[in-house]
Amino acid sequence: VGGGGAGSGGGGGGEGSLHAAISTLGTVCVSCAFAGGYVLSAEVLPTDVRATGLALCSQVARIGGFLSPLLLLAGDRSPPVPYAVWGALSLL
């Protein structure tokens, strides 16, 4: 009962390959942005608090990475909730 959609080998042409290439490019761009933000935060912080500041930035990033999929799941019940939370957090 196979579908024939992208990636299923159903003669879809290059859609599966295109999707994989775009997904990989997106992953690389997100990784570069995270690394750039980490380096930038190290340059912005004064030397005497740099280690503590970088540890705090890393911890907040990990907490955000953990909570964002859960926030998307909350959007299944109420679609505006993730956007409202992310918008409110961006104002901090």
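The figures here come from the full heavy-atom set of this structure, side chains too, leaving out hydrogens, waters and symmetry mates. Along the sequence shown, residues carry numbers from 1.
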With a 4.5 Å cut-off on side-chain heavy-atom distances among I, L, V, M, F, W and Y, is there a chain of contacts connecting W86 to L67?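 Shared cluster, no.
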Shared hydrophobic cluster for I63 and L70 (ILVMFWY, side-chain gaps under 4.5 Å):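 Yes: a chain of side-chain contacts under 4.5 Å links I63 to L70.
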Gap between atom [atom2] of [Y] and atom [atom1] of [X] - 0.5 Å precision:
X   : Y   : atom1 : atom2 : result
Y83 : L71 : OH    : CG    : 10.5 Å
L89 : S68 : CG    : OG    : 11.0 Å
C57 : R62 : SG    : CZ    : 12.5 Å
H19 : T24 : NE2   : OG1   : 9.0 Å

Residues sharing V60's hydrophobic cluster, by side-chain heavy-atom contacts under 4.5 Å among ILVMFWY, directly or via others?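 L56, all in the cluster of V60.
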At their closest point, which heavy atom of L45 faces which heavy atom of L54, and how far apart are they?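 Looks like CD1-N, 3.8 Å.
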Taking all non-hydrogen atoms of both residues, which atom of P82 and which atom of S78 are closest, and how far apart?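 Nearest heavy atoms, P82 then S78: CD-O, 3.8 Å.
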Report the residues that fulfil side chain to side chain contact (heavy atoms under 4.5 Å, CB included) with I22, sequence neighbours left out, ordered by chain and then residue number.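 Once residues adjacent in sequence are excluded, the partners of I22 under the side chain to side chain contact (heavy atoms under 4.5 Å, CB included) criterion are L18.
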Return the orientation label for the Y38 and F34 ring planes: parallel under 30°, perpendicular over 60°, tilted otherwise.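 Parallel.
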